[in-house]
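Some notes on the structure that comes next.
If you're wondering where the values come from, they're calculated on a predicted model, not measured in any experiment. Note that these values count all heavy atoms, side chains included, but never hydrogens, waters or copies made by symmetry. Sequential numbering from 1 along the given sequence is applied to the chain's residues.
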Amino acid sequence: MGLFSFKKKHPKVIGLTLSGGGMRGIAHIAVLKALEEYGLRPQIISGTSAGAIIGAFYSFGKTPDQMMEIVKETSFFSRSALKLSKNGIFSSNFILKLFKDYFPEDNFSILKIPVYVAATEMTHGIVDFFSEGQLFAPLLASSSVPFILPPVRIEDKIYVDGGVLDNLPIEPIIDKCDFLIASHVNSISYDQLNKMSLMKEFDRILHLAIAKSVYSKVKHCNIFLDPPKMTKFSLFNKKYMDEMFQQVYEYTCEELETKGYRKEFGFRKLES
């Protein structure tokens, strides 16, 4: 009797990388909502800073709508969080409280989708990626914007925001997926340059410094989402969060409809 070998066809593994961006990370929630509506659900995620936090909540099982409710109910960078110490303007306790309120355990094992969290290791000037063990410290480290939030010690190393060296961390998942989607929420707005506050100036300097490394990775992504003029929205408050969400949701849907992705990869918007 002859032996027959059948090659089983496996569905493509979708990877998703989410940039940092402070409160602009809310825009990633809009991206996730649009992707879901097109049947594009990531099976592996990497992220920096706010992108890492959003990725963790999504991996845990929170829907985009649930995440928006959490954002609306949570105070970020409020006066009560002001610390004004040598290590940062704000205490990171409000972020830690967010994790404790919504995650049942401080461990990557609670996440349903693999997540890689990028953080910048200060001593050697390298990016480390966390994907197992304690969850809260890597998320805090990944989102510790220098001078704004204090650095985080993990074992014998000191970490700050992953975006300092890698604000679009595709590296840990690029070889683990067949189809890579990246969401970057820091495109620079060139309006009103003469009306910049100190925080706006800090925001612009930070993202001008890291923009080149981000855009050098576009060629490695199947879909690169870069909604325009995002720096018009604050890095530190959610005042215009609904406007931002709607703008980015519409942008993402339009990108998926018009850039030929549907024809190339065979997805379509699902019926509601």
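Heavy-atom minimum distance, Gly25 versus Ala50: CA-CB, 3.9 Å. Nearest heavy atom pair, residue Thr48 against residue Gly163, reads CG2-N, 2.9 Å. When every heavy atom of Lys217 is checked against every heavy atom of Leu168, the shortest pair comes out as NZ-O, 2.9 Å. Closest approach of Ile45 to Pro42, counting heavy atoms only: CG1-CB, 4.1 Å.
Relative orientation of the Phe94 and Phe76 rings is perpendicular, given thresholds of 30° and 60° on the angle between their planes.
Tyr215 places a side-chain heavy atom less than 4.5 Å from the side chain of Phe224. Within the 4.5 Å cutoff, no side-chain heavy atoms of Leu180 are placed close to those of Leu16. The shortest distance between side-chain heavy atoms of Thr17 and Ile174 does not fall below 4.5 Å. Within the 4.5 Å cutoff, the side chain of Arg41 has no heavy atoms near those of the Ile14 side chain. Put simply, the side chain of Phe99 reaches to within 4.5 Å of the side chain of Ile53, judged on heavy atoms.
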Contacts under 3.5 angstrom, residues 239-246 side chains, donor-acceptor by atom type, not counting sequence neighbours:
unit_1	atom_1	unit_2	atom_2	d
Gln246	NE2	Glu250	OE2	2.8

Below 3.5 Å, can you tabulate the donor-acceptor pairs from side chains in residues 124-151 to any protein atom, sequence neighbours excluded?
unit_1	atom_1	unit_2	atom_2	d
His124	ND1	Glu121	OE1	2.9
Asp128	OD2	Tyr159	OH	2.5
Ser142	OG	Ser49	N	2.6
Ser142	OG	Ala118	O	2.6
Ser143	OG	Leu139	O	2.9
Ser143	OG	Leu140	O	3.2
Ser144	OG	Leu140	O	2.7
Ser144	OG	Pro150	O	3.1

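The main-chain N or O of Met230 is found under 3.5 Å from a side-chain atom of Ser187 such that the two form a donor-acceptor pair. A distance-only check finds no donor-acceptor pair linking the side chain of Ser183 to the backbone of His28 [under 3.5 Å]. Of the possible donor and acceptor atoms, one in the side chain of Asn186 sits under 3.5 Å from a partner among the backbone N and O of Gly20. Judged by distance alone, the side chain of Lys238 and the main-chain N or O of Thr74 form a donor-acceptor pair under 3.5 Å. Proximity of a side-chain donor or acceptor of Thr63 to a complementary backbone N or O of Gln66 within less than 3.5 Å is detected.
A distance of 6.0 Å separates CG in Leu35 from CG in Leu256, rounded to the nearest 0.5 Å.
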**Request:** For the pair Tyr58 and Glu36, evaluate side-chain hydrogen bond (donor to acceptor under 3.5 Å, both in side chains) and give the outcome as yes or no after the intermediate values.
**Result:** CA-CA 12 Å; Tyr58 186 75; Glu36 282 196 348; 2.7 Å; yes
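With sequence neighbours left out, the ring pair (Phe, Tyr, Trp, His ring centres under 6.0 Å) criterion links Phe108 to no other residue. Considering only residues two or more places apart in sequence or on other chains, Asp156 meets the salt bridge (charged side-chain N to carboxylate O under 4.0 Å, His left out) condition with none of them. Shown here are the side chain to side chain contact (heavy atoms under 4.5 Å, CB included) partners of Val13, two or more places apart in sequence or in another chain: Gln43, Ile44, Cys177, Asp178. Judged as a ring pair (Phe, Tyr, Trp, His ring centres under 6.0 Å), and not counting sequence neighbours, the contacts of Phe60 are Phe103.
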